[in-house]
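If you read the sequence from its start, that first residue is 1, and numbering goes on from there.
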Amino acid sequence: MNKSSSVMKQIPIIILLVLSLLVMSVVGVLIYFNTLLNPVANNAQPPVIVEVPANSTSSSVAALLEKKGLIKSATAFRVYSRYKGLDSQIQTGEYQLTASMSTPEILNTIIEGNQVFYSFTVPEGYTVEEIAQLLDNKGYADKDEFLELCQKGDFDYPFLKEQANTKYVLEGYLFPDTYKITKQMNEQDIILMMLNRFVAEAEKLNLAAKAKKLNFSLHQAVTVAAMIEREAIFDKERPRISGVIQNRLKIGMPLQIDATVLYALGQHKEVVLYKDLEVDSPYNTYRVQQLPPGPIACPGSASLKAAVEPEETDYLYYLAKPDGTHVFTNTLAEHQHYKEKYL
């Protein structure tokens with residue numbers, strides 16, 4: 001056997017060794033790469049809030065995450081996101097992440113838009129000014145911007161076109177509830193969410209159809225509901241107060257509801273004075289023999305229901321007792337009697 005023949009026999013072995021080394025190298029790189037995708041910490045870690053700005057790239061997000069100690073390698077993050085075709089799907093927002101999450105888990109959270117949500121609760125009977133102040137205090141909205149939108153009411157809902165001479169077009173229609181928002185939502189987004197919640201509740205109660213049976217428009221029904229909301233504490237009395245309002249409207253008797261006077265004054269007072277009753281305003285139901293031009297607050301479901309399902313009675317008067325309940329009477333003489341008794 002000559003030397004050249006021996007060399008020829010060794011070539012396949014050399015090739016096999018080279019291929020084996022290449023395979024081992026690739027496997028080694030893949031193993032190392034996968035370790036870079038593993039969580040930074042193996043045990044539970046406190047959450048970190050990360051804000052992804054608008055128009056962020058996978059590179060900028062990777063750098064941000066590496067800086068905050070949430071991933072092992074920005075390079076590995078970029079390579080993985082591009083390999084998976086996810087680098088263009090990163091969504092703007094705030095995310096709650098931890099160092100015990102893997103790179104794929106963090107990336108999926110960001111591309112799925114699983115943002116941090118903040119909640120706020122609007123109590124029943126709040127006015128739009130009180131809602132604006134609540135949101136401003138929490139840092140969720142600018143009060144002045146919010147009120148300007150409420151005043152203009154430039155939203156595409158049929159019931160918002162009925163008002164005339166209202167202080168705020170959206171008064172009464174920002175439904176009281178608990179809401180969840182993201183940091184990226186602005187004043188208009190929040191208002192739309194609350195208006196849509198009102199629409200859902202109105203449909204659930206069949207509000208428009210029931211209002212029509214009372215010869216009310218939807219807007220008038222909400223106006224009545226708002227007065228009920230500000231007058232009643234206990235749900236069982238809401239339909240009866242609604243009945244009193246109906247009875248007075250039928251005979252052209254002023255509603256004489258103190259809550260409307262306070263709305264006209266633009267301030268809260270524990271005691272409404274006689275001089276307050278002289279305020280010149282279409283909302284002053286001591287001076288006008290009709291409904292005010294619009295709601296004086298944002299009513300909840302119980303008051304909306306009571307407005308279109310009034311209790312049928314002969315009562316024309318009611319008086320708040322110290323315990324928050326009301327005494328209902330048919331005549332002024334009876335009303336004066338209980339007024340002296342309780343006040």
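Taken to the nearest 0.5 Å, the CD1 atom of Ile110 stands 9.0 Å off from the OG atom of Ser56. Rounding to the nearest 0.5 Å places OG of Ser73 at 8.5 Å from CG of Leu37. Atom CZ in Arg78 sits 9.0 Å away from atom CD1 in Ile71 (nearest 0.5 Å). Atom-to-atom distance recorded for Thr285:OG1 and Asp258:CG is 8.0 Å, nearest 0.5 angstrom. Rounded to the nearest 0.5 angstrom, Arg287 CZ and Ser281 OG are separated by 9.5 Å. For the atom pair Ser119 OG and Ile181 CD1, the distance stands at 9.0 Å (nearest 0.5 Å).
The salt bridge (Lys or Arg N to Asp or Glu O under 4.0 Å) analysis of residues 144-153, with sequence neighbours excluded, yields the pairs Glu148-Lys152. The salt bridge (Lys or Arg N to Asp or Glu O under 4.0 Å) pairs that include a residue from residues 317-333 number zero, where partners must be two or more places apart or lie in different chains. Here ring pair (Phe, Tyr, Trp, His ring centres under 6.0 Å) pairs that include residues 277-306, with residues two or more places apart or in two chains, are Tyr263-Tyr283. Among pairs with a residue in residues 174-197, those fulfilling ring pair (Phe, Tyr, Trp, His ring centres under 6.0 Å) read Phe120-Tyr179, at least two apart in sequence or across chains.
Across every non-hydrogen atom of Thr166 and His219, the tightest pair is CG2-NE2, 4.4 Å. Of all heavy-atom pairs between Met227 and Leu291, the closest is CE-CD2, 3.6 Å. Contact detail for Thr92 and Pro53: the closest heavy-atom pair is OG1-O, 3.6 Å. Between Ala221 and Val308, the shortest heavy-atom contact is CB-CG1, 3.9 Å. Contact detail for Gln184 and Gly93: the closest heavy-atom pair is OE1-CA, 3.3 Å. Across every non-hydrogen atom of Pro176 and Gly125, the tightest pair is CG-N, 4.5 Å.
Checked against side-chain hydrogen bond (donor to acceptor under 3.5 Å, both in side chains), Gln89 has no partners two or more places apart in sequence or in another chain. Under the rule for a ring pair (Phe, Tyr, Trp, His ring centres under 6.0 Å), Phe155 has no partner lying at least two apart in sequence or in another chain. Take Glu237 and apply the salt bridge (Lys or Arg N to Asp or Glu O under 4.0 Å) test, not counting sequence neighbours, and it matches no residue. For Ala225, the side chain to side chain contact (heavy atoms under 4.5 Å, CB included) partners two or more places apart in sequence, or in a different chain, are Pro299, Ser303, Leu304, Ala307.
Look at Arg238 and Glu229 and you find a salt bridge, because one of the NZ, NE, NH1 or NH2 atoms lies within 4.0 Å of a carboxylate O, short of that distance. Glu309 and Lys213 are not joined by a salt bridge, as no carboxylate oxygen comes within less than 4.0 angstrom of a charged side-chain nitrogen.
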Applying side-chain contact (heavy atoms from CB on, under 4.5 Å) to Thr57 and Ser60, what does each step give before you reach the verdict? CA-CA 5 Å; Thr57 63; Ser60 61; 3.3 Å; yes
Using the side-chain contact (heavy atoms from CB on, under 4.5 Å) rule, take Leu97 and Thr109 through it: C-alpha gap first, then chi angles, then the decisive distance, then the call. CA-CA 8 Å; Leu97 308 171; Thr109 298; 3.9 Å; yes
Applying side-chain contact (heavy atoms from CB on, under 4.5 Å), run through Val128 and Gln151 and close with a yes or a no. CA-CA 9 Å; Val128 293; Gln151 194 170 45; over 6 Å; no
Could you walk me through whether Leu107 and Tyr80 satisfy the side-chain contact (heavy atoms from CB on, under 4.5 Å) test, starting with their C-alpha distance in whole Å, then the side-chain angles of each, then the deciding distance to 0.1 Å, before giving a yes or no? CA-CA 9 Å; Leu107 184 59; Tyr80 179 81; 3.8 Å; yes
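A single hydrophobic cluster is not seen to contain both Val288 and Val244; linkage of ILVMFWY side chains at heavy-atom distances under 4.5 Å, directly or through other members, places them apart.
A distance-only check finds a donor-acceptor pair linking the side chain of Lys72 to the backbone of Thr35 [under 3.5 Å]. Side-chain atoms of Asn284 come within 3.5 Å of backbone atoms of Leu277 as a donor-acceptor pair (strictly under, hydrogens ignored). Within the 3.5 Å criterion, the main-chain N or O of Asn186 finds a donor-acceptor partner in the side chain of Asp189. Side-chain atoms of Glu278 never come within 3.5 Å of backbone atoms of Lys275 as a donor-acceptor pair (strictly under, hydrogens ignored). Remark: side-chain polar atoms of Asn247 are paired, donor with acceptor, to backbone N or O of Gly243 under 3.5 angstrom.
The closest side-chain donor-acceptor pair between Gln256 and Arg248 falls under 3.5 angstrom. In summary, the side chains of Glu334 and Thr331 do present a donor paired with an acceptor at a separation below 3.5 Å, with no hydrogens or angles considered. Under the 3.5 Å distance criterion, with hydrogens and angles disregarded, a donor-acceptor pair is assigned to the side chains of Glu112 and Asn114. No donor-acceptor contact under 3.5 angstrom links the side chains of Tyr140 and Glu187, judged on distance only.
Because its NZ or CZ atom is not both nearer than 6.0 Å to the ring centre of Tyr315 and within 45° of the ring axis, Arg240 does not count as a cation-pi partner of that residue.
When each of Leu249, Val222, Leu207 is paired with Phe216, the side-chain contact (heavy atoms from CB on, under 4.5 Å) condition holds for Leu249 and for no other. Looking at Glu171, Glu130, Glu124 one by one, the single match for salt bridge (Lys or Arg N to Asp or Glu O under 4.0 Å) with Arg230 turns out to be Glu130.
Other residues, nucleotides and ligands contribute at most 12 non-hydrogen atoms within 6.0 Å of the OH atom of Tyr338. Under a cut-off of 6.0 angstrom, the local environment of NZ in Lys305 is sparse, with at most 12 non-hydrogen atoms contributed by other residues, nucleotides or ligands. In this structure, Asp142 places its CG atom where more than 12 heavy-atom neighbours from other residues, nucleotides or ligands lie under 6.0 Å away. The 12-atom threshold is not exceeded at CG of Asp154, counting heavy atoms of other residues, nucleotides or ligands nearer than 6.0 Å.
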With a 3.5 Å cut-off and sequence neighbours excluded, list the donor-acceptor pairs that the side chains of residues 98-106 form with protein atoms.
residue, atom, partner, partner atom, Å
Thr98, OG1, Ser100, N, 3.4
Thr98, OG1, Ser100, OG, 2.8
Ser102, OG, Glu105, N, 3.3
Ser102, OG, Glu105, OE1, 3.4
Glu105, OE1, Ser102, N, 2.8

Please list, one pair per line, the donor and acceptor atoms closer than 3.5 Å that link side chains of residues 39-48 to other protein atoms, with sequence neighbours excluded.
residue, atom, partner, partner atom, Å
Asn43, OD1, Gln45, NE2, 2.9

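Residues Thr127 and Ile296 are not in side-chain contact: their nearest non-hydrogen atoms beyond the backbone lie 4.5 Å or more apart. Residues Lys183 and Val116 form no side-chain contact, since every pair of their non-hydrogen atoms from C-beta on lies 4.5 Å or further apart. Inter-residue side-chain proximity for Lys167 and Glu129 is flagged as met; some heavy-atom pair is nearer than 4.5 Å. With contacts defined as side-chain heavy-atom distances shorter than 4.5 Å, the pair Phe117/Met185 does not qualify.
Grouping Ile, Leu, Val, Met, Phe, Trp and Tyr by side-chain contacts under 4.5 Å, direct or through others, puts Met253 with Ile251, Leu316, Tyr317, Leu332. Cluster partners of Phe234, by chain and number: Ile233. The rule joins Ile, Leu, Val, Met, Phe, Trp and Tyr whenever side-chain heavy atoms lie under 4.5 Å apart.
Aromatic ring pairs are classed by plane angle as parallel below 30°, tilted from 30° to 60° and perpendicular above 60°; the pair Phe328 and Tyr318 is tilted.
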